[in-house]
Amino acid sequence: MTIHPSRPILAALAVLAGTSLYAQHLPDGVGNALRWRLLGPFRGGRVLAVSGVPGDPRTFYFGSVGGGVWKTVNGGITWAPVFDSEPIASVGALAVAPSDPQVLYVGTGEADMRSDISYGNGMYRSRDGGRHWQHVGLEDTRHIGKILVDPENAQTALVAALGHAYGPNGARGVFRTTDGGETWQRVLYLNDSTGAIDLTQVPGGVVYAALWQVYRPPWSQYSPIEGPGSGLYRSSDGGRTWTAVAGHGWPEGPLGRIGVAAGGGLVYALVEGRGGTAVYRSDDGGTSWRLVAQDPRFGRTWYFGQLFVDPANPAVVYLPDVALLQSTDSGTTWTALKGQPGGDDYHAVWIDPSAPERLIIGCDQ
């Protein structure tokens, strides 16, 4: 951005609309019309995958459902595409290794189950901050919802693979690698019509995974068809083995999409059930649950369906939907932090663990 010295800017605002950044200039003089110009990048569609680098206020990434991976090194003033040399454009999940910010994992294929969705061809990894990429398998997963990288070992990661959107296939469930994607082991699997959609990890190796039985008939426009296989699972050994979560207070099935987030001894689940969508909380690692909020703003869970916990304060939770909702009392009450019902669609949040006031939010519209 160039500012002419003879025309000082009184104020400047930037908004992320879809995947485009705009600047608003207020020149000298009262009552002058506002003028907008596109700073970029040009729209690439919905954004389901975002990440930053802990402790670095200038470096962020986002993955577009139809436009690859983009990177900024100046806090969002400019963005550059870093995935254009790869043969696939749809990105469903993205993660930066906490122990080595040069290591990135990308899961291709959006997993939001719209009627118009783009598929992927598995997992990619970069060892140099996105300059070069290596395809690292899971080719037939088609749609990937979440990636968790071990906090201490960039070679170890878990992937939530939803599988084919329009029919059964076996490349579903949670997959684990300990060699940077050279090999994968499927560690959680139910059947060929139930995939994994979400993952969260708490200190000490405890991991939670959400399975979702769903498919998208080509003739349906909104809600996909869901089955009885959806459920929440827990692993106490870093994802090697799993047990189903069915503690006291957990809602009765059949269930739809489940979003899960954890921190500070609290586990939150956004659950689509018989009576609508509600937030449940466990204070004992998933042994028992209680319903803490049911709000008409928790809508279209199959399209949104995620929660994000402030790593410094587990009482602060974010719920992206048609507004970005925030709770500061452990999920009991929710206020619109950004947007309003009927506005933009918010999908993903990344919170800097070293400075939780710094976030990146992925949205569309």
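Values below: all heavy atoms of this structure, side chains included; hydrogens, waters and symmetry mates excluded. No experiment lies behind these values; they were computed from the predicted model shown. Starting from 1, each residue takes its place in the sequence as its number.
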Q | Distance-minimising heavy-atom pair for T241 and S235 | A | O-OG, 2.8 Å
Q.
When you compare the side chains of Y119 and R142, does any donor N or O come within less than 3.5 Å of an acceptor on the partner?
A. no
Q. Going by an N to O cut-off under 4.0 Å, is there a salt bridge joining D116 and R114?
A. yes
(Q) Can a side-chain donor-acceptor contact be found between E182 and Q134 if the only test is distance below 3.5 angstrom? (A) yes
Q: Grab the two heavy atoms, one from V317 and one from Y268, that are nearest each other, plus how far apart they are.
A: CG2-CZ, 3.4 Å
Q.
Let me confirm one number: the CH2-CG distance from W212 to L190, rounded to the nearest 0.5 Å.
A. 15.5 Å
**Q.** Candidate pair D56 and R58, rule salt bridge (charged side-chain N to carboxylate O under 4.0 Å, His left out), full reasoning
**A.** CA-CA 6 Å; D56 182 350; R58 301 175 66 83; 5.9 Å; no
Q. When hydrophobic residues are tied together by side-chain contacts of less than 4.5 Å, even through go-betweens, does F175 share a cluster with L211?
A. no
Q: To the nearest 0.5 Å, tell me how far T194 OG1 sits from Y215 OH.
A: 12.5 Å
**Q.** Test item: D352 side-chain N/O and P356 main-chain N/O as donor-acceptor pair under 3.5 Å
**A.** no
Q: For side chain to side chain contact (heavy atoms under 4.5 Å, CB included), just list the numbers for V159 and I144, CA-CA rounded to whole Å, side-chain angles, deciding distance to a tenth of an Å, and then say yes or no.
A: CA-CA 7 Å; V159 169; I144 291 176; 3.8 Å; yes
Q: Check whether any side-chain N or O of R240 sits under 3.5 Å from a backbone N or O of D237 as a donor-acceptor pair, and report yes or no.
A: yes
**Q.** same_hphob_cluster(L325, V322) at 4.5 Å side-chain heavy-atom cutoff
**A.** no
Q) So if you build clusters from Ile, Leu, Val, Met, Phe, Trp, Tyr with side-chain heavy-atom gaps below 4.5 Å, do W334 and L266 land together? A) yes
Q.
Could you see if V69 belongs to whatever hydrophobic cluster contains I360? Use Ile, Leu, Val, Met, Phe, Trp, Tyr and a side-chain cutoff under 4.5 Å.
A. no
Q) Would W79 and W70 count as a ring pair (Phe, Tyr, Trp, His ring centres under 6.0 Å) if you check the C-alpha gap in whole Å, the side-chain angles of each, and the deciding distance to 0.1 Å? A) CA-CA 6 Å; W79 293 84; W70 295 73; 7.8 Å; no
Q | Under 3.5 Å: donor-acceptor pair, side chain of Q294, backbone of G275 | A | yes
(Q) Quick check: closest heavy atoms across A154 and S99, and the distance to 0.1 Å? (A) N-OG, 3.5 Å
Q: List the atom of A171, the atom of D140, and the distance in Å for their closest heavy-atom pair.
A: CB-O, 3.4 Å
Q: Please assess L291 against V279 for the test side chain to side chain contact (heavy atoms under 4.5 Å, CB included), listing each intermediate value before the final yes or no.
A: CA-CA 6 Å; L291 190 155; V279 174; over 6 Å; no
Q | Interatomic distance, D345 atom CG to D321 atom CG [nearest 0.5 angstrom] | A | 7.5 Å
Q: Determine yes or no for a side-chain-to-main-chain donor-acceptor pair under 3.5 angstrom, with Y105 supplying the side chain and A93 the backbone.
A: no
Q. Distance only, no hydrogens: is a donor on one side chain within 3.5 Å (strictly under) of an acceptor on the other, for E272 and T277?
A. no
Q) Does G122 offer a backbone N or O that forms a donor-acceptor pair with the side chain of E139 under 3.5 Å? A) no
Q) Taking side chain as C-beta onward, heavy atoms only, is L162 less than 4.5 Å from V214? A) yes
**Q.** Donor-acceptor contact present, side-chain R281 to main-chain V267, <3.5 Å
**A.** no
(Q) Is there a ring pair (Phe, Tyr, Trp, His ring centres under 6.0 Å) between F304 and F298? Walk through the geometry before answering. (A) CA-CA 9 Å; F304 300 104; F298 305 162; over 10 Å; no
Q) Quick one: does V260's side chain get under 4.5 Å of L232's, heavy atoms only? A) yes
Q. So how far is it from S51 OG to K71 NZ, rounded to the nearest 0.5 Å?
A. 11.5 Å
Q | Taking every non-hydrogen atom, the tightest pair across L307 and L270 | A | CD1-N, 3.5 Å
Q. Within a strict 4.5 Å, meaning less than it, do heavy atoms of the F60 and W350 side chains meet?
A. yes
Q | Polar contact flag, side-chain donor to acceptor under 3.5 angstrom, H347-D112 | A | no
Q: Answer yes or no on whether R216 is positioned over the face of W302, meaning its NZ or CZ is under 6.0 Å from the six-membered ring centre and within 45° of the axis.
A: yes
(Q) Working to the nearest 0.5 angstrom, can you tell me the gap between Y208 OH and W242 CH2? (A) 10.0 Å
Q. So, R257 and D198, do they make that salt bridge, N to O below 4.0 Å?
A. no
Q: Report, as yes or no, whether the 6.0 Å neighbourhood of atom CZ on R186 holds more than 12 heavy atoms from other residues, nucleotides or ligands.
A: yes
Q.
I'd like to know if L104 and V82 are part of one continuous hydrophobic network [Ile/Leu/Val/Met/Phe/Trp/Tyr, side-chain heavy atoms within less than 4.5 Å].
A. yes
(Q) In the structure I gave you, are the side-chain heavy atoms of L255 and W250 within less than 4.5 Å of one another anywhere? (A) yes
Q) Do the side chains of T156 and V149 get nearer than 4.5 Å, heavy atoms only? A) no
(Q) With heavy-atom distances below 4.5 Å as the criterion, would you say the side chains of Y280 and P251 are in contact? (A) yes
Q. Can you list the steps and then say if V207 with L158 is a side chain to side chain contact (heavy atoms under 4.5 Å, CB included)?
A. CA-CA 10 Å; V207 185; L158 294 170; 3.8 Å; yes
Q. If you take all heavy atoms of R131 and S126, which pair is closest and at what distance?
A. N-OG, 3.9 Å
Q: Check the side chains of T108 and S90 for a donor-acceptor pair under 3.5 angstrom, ignoring hydrogens and angles.
A: no
Q: Please test Q155 against R125 for side chain to side chain donor-acceptor pair (under 3.5 Å), starting from the C-alpha separation and ending with a verdict.
A: CA-CA 10 Å; Q155 294 286 95; R125 186 184 63 167; 3.0 Å; yes
Q) To the nearest 0.5 Å, how far apart are CD in E152 and CG in D150? A) 6.5 Å
Q: State, with a plain yes or no, whether a side-chain heavy atom of P311 is found less than 4.5 Å away from one of I351.
A: yes
Q) Just by distance, with hydrogens left out, do N169 and Y166 show a side-chain donor and acceptor under 3.5 Å apart? A) no
Q) Centroid-to-centroid, Y318 to Y346, below 6.0 Å? A) no
Q: Answer yes or no: is there a donor N or O on one side and an acceptor on the other, between the side chain of D179 and the main chain of T183, under 3.5 Å?
A: yes
Q: Would you sort out whether Q102 and R127 count as a side chain to side chain contact (heavy atoms under 4.5 Å, CB included), showing the intermediate values?
A: CA-CA 5 Å; Q102 290 297 304; R127 300 178 181 179; over 6 Å; no
Q) Taking side chain as C-beta onward, heavy atoms only, is V106 less than 4.5 Å from W133? A) yes
